[in-house]
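Indexing begins at 1, ligand by ligand and atom by atom, following the structure's order.
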Amino acid sequence: MLKKFNPAADYQPESFSFADQAAVDEIIARYPKGRQQSATMPLLDLAQRQVAETGPFGDLPTGGGWIPRAAMDEIADIVGVPPIKVYEVATFYSMYNLEPVGKYLIQFCGTTPCWLCGSAPVMEIVEKELGIGHGETSKDGYFTLMEVECLGACSNAPMIQVNDLFYEDLTPEKMLEILNSLKKDEIPAHGPQNGRRAAMALSGPTTLEEQAKKAGVL
Ligand code: FES
C-alpha cells in the first residue's frame, strides 16, 4: 500500500533527536563495524515508538507513532548514508507511518480469506462507529483506519491489527466491543475473540497435542 510522504508538510517538525541514546547505541552495536546502515530499520522503528510516546502529533490532540522527515535525516546521519537511502526504506515498508496517525492505528485485513469469512460487515461497523474511512483519522486523534493486505493470520479470519496487537475471529459485535474499550483507553485481550486458543481448530488441537501442552497452550 502506498503511504503518503510529504517532507515539506506543515506537521513536519524542524528537528528530531533520539531521547534514548543507550537504545540507539544498542541497535548500532548489533551490526559489524562498517555495516551501520543495517541499523536503519530498527532505528526507524525506535523513532516511530518515540513519537507515539511524546509526539509531535501534528494538528491532532493526541496520536500514535509516525516518523518525521527530520527523524529520517537524523538516522541517515547516524548510520552514515545520504537521507534518500533512509527515505527509500521508510517509504517501502508498510509498517512505517510517514504522517501523523491516531493513537490507535486500526489495520484492517481485506484480503480474500478475511473477506470470505466476513470482514466486510466488520469493516462497516468500524466506519459507521468512527465516522472515518480508509486512510482517515478521527478528529479526536484516537483512531486511524487503514485497509491492508494479508497480515498472516488467515486461519483466524477475519482479523485486524491495532498498533502491535492482533484481534482475530471477529464479528461485528466483537468489533464494537473492542472499539468501545479503546475509546476508554482500555486495551482488550488480544488474539482470537471466539474462545479458541491461537490458530488451532475451533474444536481444539488436532495435531502436536503434546507440544501444545508443553507450550502451555492446552
Ligand atoms: S487474509 Fe486476512 S490475515 Fe490473511
Side-chain angles (χ1 to χ4, degrees), residues 1-5 41-42 44-45 48-49 52 63-67 89-138 142-183 185-209 211-212 215-218:
M1 188 192 68
L2 186 65
K3 294 227 169 180
K4 291 181 215 153
F5 174 42
M41 289 185 71
L44 285 167
D45 182 67
Q48 183 159 283
R49 289 177 191 279
W66 66 285
I67 305 169
V89 174
T91 53
F92 181 79
Y93 291 99
S94 63
M95 74 279 267
Y96 301 125
N97 304 313
L98 306 181
E99 62 178 352
V101 295
K103 186 172 184 177
Y104 300 111
L105 172 60
I106 301 177
Q107 297 187 74
F108 198 96
C109 176
T111 305
T112 312
C114 277
W115 183 76
L116 285 171
C117 290
S119 64
V122 178
M123 176 81 157
E124 271 167 31
I125 278 285
V126 177
E127 290 179 327
K128 192 168 154 223
E129 186 65 18
L130 301 181
I132 54 174
H134 168 63
E136 294 177 346
T137 299
S138 58
Y142 254 62
F143 295 97
T144 294
L145 182 59
M146 283 181 194
E147 183 170 347
V148 295
E149 299 304 326
C150 179
L151 288 169
C154 327
S155 56
N156 295 48
M159 60 80 65
I160 59 167
Q161 180 175 346
V162 180
N163 296 348
D164 289 334
L165 302 176
F166 277 15
Y167 293 89
E168 304 151 318
D169 292 316
L170 292 170
T171 60
E173 295 73 27
K174 276 287 168 194
M175 189 66 243
L176 198 53
E177 282 175 28
I178 291 168
L179 289 178
N180 286 335
S181 297
L182 293 175
K183 283 178 186 172
D185 281 326
E186 292 167 3
I187 310 299
H190 60 280
Q193 302 294 305
N194 63 352
R196 72 167 142 182
R197 304 287 304 272
M200 68 179 63
L202 276 173
S203 54
T206 53
T207 57
L208 302 173
E209 288 181 41
Q211 285 84 346
V217 178
L218 277 183

message: Could you report the tightest heavy-atom contact between E99 and W66, atom names first, then the distance?
response: O-CB, 3.2 Å
field: Enumerated ligand 1 atoms positioned under 4.0 Å from heavy atoms of P113
entry: 1 (S)
message: Closer than 2.8 Å to atom 2 (Fe) of ligand 1: does that hold for any N, O or S atom in C154?
response: no
message: Could you tell me, atom by atom, which parts of ligand 1 come under 4.0 Å of a heavy atom of T111?
response: 1 (S)
task: Heavy-atom contacts with L151 under 4.0 Å: which atoms of ligand 1 show up? List them by number with element.
output: 3 (S)
field: Residue C150, metal atom 4 (Fe) of ligand 1, N/O/S under 2.8 Å
entry: yes
Any A157 heavy atom less than 4.0 Å from ligand 1: no
message: Which heavy atom of M95 sits nearest to which heavy atom of Q48, and what is that distance?
response: O-NE2, 3.0 Å
query: What atoms of ligand 1 come closer than 4.0 angstrom to any heavy atom of C114?
result: 1 (S), 2 (Fe), 3 (S)
- prompt: Does C109 bring an N, O or S atom to within less than 2.8 Å of atom 2 (Fe) of ligand 1?
  reply: yes
message: When you compare the side chain of Y167 with that of M175, does any pair of heavy atoms fall below 4.5 Å?
response: no
message: Main chain of L130, side chain of S138: is a donor-acceptor contact present, judged purely on distance under 3.5 Å?
response: no
- request: With the side chain counted from C-beta on, respond yes when I187 and L165 share a heavy-atom pair under 4.5 Å apart, and no when they do not.
  value: yes
field: Any N163 side-chain heavy atom under 4.5 Å of Y104 side chain
entry: yes
Protein contact of atom 3 (S) of ligand 1 - nearest heavy atom, named by residue and atom, plus distance: A153 N, 3.3 Å
task: Measure the shortest side-chain to side-chain distance between R196 and D169 over non-hydrogen atoms and say whether it is less than 4.5 angstrom.
output: yes
